[in-house]
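Per chain, numbering begins at 1; letters A, B, ... match sequence-line order.
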2 protein chains.
Amino acid sequence: MLLCGGFMMERMKRVSIKDIALAVGVSTATVSLVLTGKNKNGRVSKEMSEKIKKVAHEMNYQPNRLAMSLQSGRSQTIGLLVADISNPFFGTLAFYVQEEMEKAGYAVIIMNTDESDVQMERMISLLRSRQVDGFIIVPTEFGEKSIAQLVDNRIPLVLIDRYYPSLQVNGVLIDNYQAAYEATRYLIDTHCERVALLIYENSQPHMIERERGYTNALKDAGLYDEELIKRVRYKYMDEDIIGAITWLAQKRKDMDGILFATNTIAMTGIKQLLNLGFRIGEDVHVVCFDKSDAFDFMPVFIPYIHQPIANMGRLASQLLIKQIEDVELGEELIHKLTARLVKK
Amino acid sequence: MLLCGGFMMERMKRVSIKDIALAVGVSTATVSLVLTGKNKNGRVSKEMSEKIKKVAHEMNYQPNRLAMSLQSGRSQTIGLLVADISNPFFGTLAFYVQEEMEKAGYAVIIMNTDESDVQMERMISLLRSRQVDGFIIVPTEFGEKSIAQLVDNRIPLVLIDRYYPSLQVNGVLIDNYQAAYEATRYLIDTHCERVALLIYENSQPHMIERERGYTNALKDAGLYDEELIKRVRYKYMDEDIIGAITWLAQKRKDMDGILFATNTIAMTGIKQLLNLGFRIGEDVHVVCFDKSDAFDFMPVFIPYIHQPIANMGRLASQLLIKQIEDVELGEELIHKLTARLVKK
DNA sequence: CTGAAAGCGCTTACAG
DNA sequence: CTGAAAGCGCTTACAG
């Protein structure tokens, strides 16, 4: 029984529950019951049930999830807001979020905020009007208000990679203080005495924590010097980094170590060090956040802080699903995973 | 007029057109008309119209796009299927597709096929049941049947990066033959006489074209040697590449150039060359597809074929939108963009 | 064991 | 100028 023989060349109207009901000679309610597997206590007879399934299959019935969603109030879709999907860190994060959510039957709509608060707000509202069941968000620097609104409205939400300390909301990130402390400590142990920090000029807690880890490690070793902290702007990153490295090279000829607060900063920073003739691992030691494929091509191994991206993505997804499905969540709001320093 | 004062702590039922109608004392039809801007020929009085807008705003009304979609049959959502979102090539592609589709009011659901035909089929069906308006797909090697079905059903669809020659469907990709020819020609001009090719063992047209470009360039120069073509498996890429390079180094000591058919192959390949003590640009010259940040760290510049990813993503999006909105499309089905060889 | 009816939140003829 | 009604494709009490 092929009902769509001659229509192959037209964009076909898809077959609905009604068409099946009509074909079998039964009500749509019965069809729905059978097809959704809610025919528990033998409500529909075995034979009828079989017949309905058979016809549905023959007619190549695909349920319209939009209609199901409208009915149930659940879209089985979540929104993932990242700063930039073309950045491998976020790409990988998206990969694992997607994988984990799909297992639970959710689709993921990914959008880029490009670090803009305005964009983030727009996208949240856009996705809400699409009735997403929840959000996983890498929040922007000054977007606290938009996030607070989600929290107030009890929208299922997990922040990832960064968070706002004032908000009562689930967060998944690494222990940035500990990671930066350990990385700095490593440089000290490598006999660096003048360790610089290159970091975003930015008030986000995860950056502040990294700076605090760096600062404390140096203070604990009696080596702290405020002048060695160089801040760069996200928008003018490249020129600021080049300027900072150049400055350090000229004014601070005793500089012998650098902690790069992000991988992106490290990429440009290391390039500039090489341009200026520094021999990494000899004239200057460096550590950075996150591995980059590029490091494999360096003549010397570049130590880095390994963020467990897969675990971050998976944990965030699991927390979100629990929120959506109203499962008890446990006390802990912020989940700090441990980042490992990889020294080779 | 704030109607939701005390409910802030409950997950609120969102305000609907009905609530507004009730509040203003008018029918839902009128509210809909005003709010969708379809109140052309003064159907609704100016004052009433203003009042409705005002109340809608005060009640913080957000339309439910699911309901709109069910009604209109348009979800304003498209599916983007890539091989792996954590790969920067696809991440960047996704970035531009997303950007372009968003401009036109479409959301993008991104999914990973992981190069699996089965996965691709599953995802297409999943997304169809979510009523996506169209697809942009990086097709898998043997997934022709799933794609053919979309074509038969006249689902708006654009293939990207790869295509199936037998199908009448829009495609956006680079001229792989020309690119590979030019790259190989460049190696010959650099005085290489024994140019190897490292390529996936794979029957996809884009790979075949790359091989054909390579082969013809060498034949035209009278330098072709079948033995210099080494095929690697996607699943066992690393070991196969290492094996291939090692083989070339041992058995083909006269090998003096390599064309890497993809960036991923190049990354491992170059690493292995370095491990074996080859000096790139001296003992052996290489060219590969796509730039990688890693190349900035090489002591010598690595020539690469620059694929115009942004243009590919944008063009694919525009073609898809035209299909969805039934705009005349022009004769050309396959759009081959020119890839540029970057020699520094 | 099965169906008629109401409803999810919208839009769109149709009638007045 | 405005409203009642039907419908998009489902599900879910309710009634029999």
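You'll find that the side chain of A29(B) is closest to dA5(D), out of dA5(D), dA4(C), dC8(D). Of the listed nucleotides (dT2(C), dT12(D), dC10(C)), dT2(C) has the atom at the smallest distance from the side chain of S45(A). Of the candidates dA4(D), dC10(D), dT2(C), dC10(D) carries the atom nearest the M68(A) side chain, counting heavy atoms from C-beta on. The side chain of S16(B) approaches dG9(C) more closely than any other nucleotide in the set dC8(D), dT11(C), dG9(C). Among the nucleotides dG9(C), dC8(D), dT11(C), the one closest to the side chain of S32(B) is dT11(C). Which of dT2(D), dG3(D), dC8(C) sits closest to the side chain of M48(B) comes down to dT2(D). Closest to the T36(B) side chain, of the nucleotides dT2(D), dT11(C), dC10(C), is dT11(C).
Going from the C1' atom of dC10(C) to that of dC1(D) covers 22 Å, rounded to whole Å.
I52(B) has its CD1 atom 15 Å from the C1' atom of dT11(C), to the nearest Å. Taking atom CD1 of I17(A) as the reference point, atom C1' of dG7(D) lies 16 Å away to the nearest angstrom. If you measure from atom CD of Q62(B) to atom P of dC10(C), you get 10 Å, rounded to the nearest angstrom. For the pair L70(A) CG and dG7(D) C1', the computed distance is 12 Å after rounding to whole Å. In this structure, the NZ atom of K18(B) is 14 Å from the P atom of dA5(D), given to the nearest Å. Atom CG of L66(A) and atom C1' of dT11(C) are 15 Å apart (whole Å). The nearest whole Å value for the distance from the CG atom in L35(B) to the P atom in dT12(C) is 13 Å. Taking atom CZ on R74(A) and atom P on dT12(D), their separation rounds to 12 Å, with Å as the unit.
With a 3.5 Å limit on both pairing distances and Watson-Crick or G-U wobble geometry required, the stems of 3 or more pairs in DNA chain C span C:1-3 with D:14-16, C:5-12 with D:5-12, C:14-16 with D:1-3.
Nearest-nucleotide positions on DNA chain D place S49(B) closer to the 5' end than the other of S49(B) and A67(B).
Taking E99(A) as the reference, nothing meets the salt bridge (Lys or Arg N to Asp or Glu O under 4.0 Å) condition, with sequence neighbours excluded.
You won't find any donor-acceptor pair under 3.5 Å spanning the side chain of Q71(A) and the base of dG9(D), going by distance alone.
Proximity of K51(B) to V26(B): side-chain heavy atoms (C-beta onward) are nowhere separated by under 4.5 Å. Contact annotation: the side chain of L315(A) never approaches that of N311(A) to less than 4.5 Å [non-hydrogen atoms, C-beta and beyond].
Residue-environment remark: CD (E332(B)) exceeds the threshold of 12 foreign heavy atoms within 6.0 Å.
If you check the side chains of S69(B) and Q131(B), you find no donor sitting under 3.5 Å from an acceptor.
With T140(A) as the fixed residue, the side chain to side chain donor-acceptor pair (under 3.5 Å) test singles out one of T113(A), D114(A), D117(A): D117(A). Of the candidates V82(B), I85(B), L126(B), L80(B), M111(B) forms a side chain to side chain contact (heavy atoms under 4.5 Å, CB included) with just one, namely L126(B).
Within the 4.0 angstrom heavy-atom criterion, no nucleotide atom of any strand lies near S69(B). Heavy atoms of S72(A) sit nowhere under 4.0 angstrom from any nucleic acid atom.
Of all non-hydrogen atoms in I110(A) and Q98(B), the two that sit nearest each other are O-OE1, 3.0 Å.
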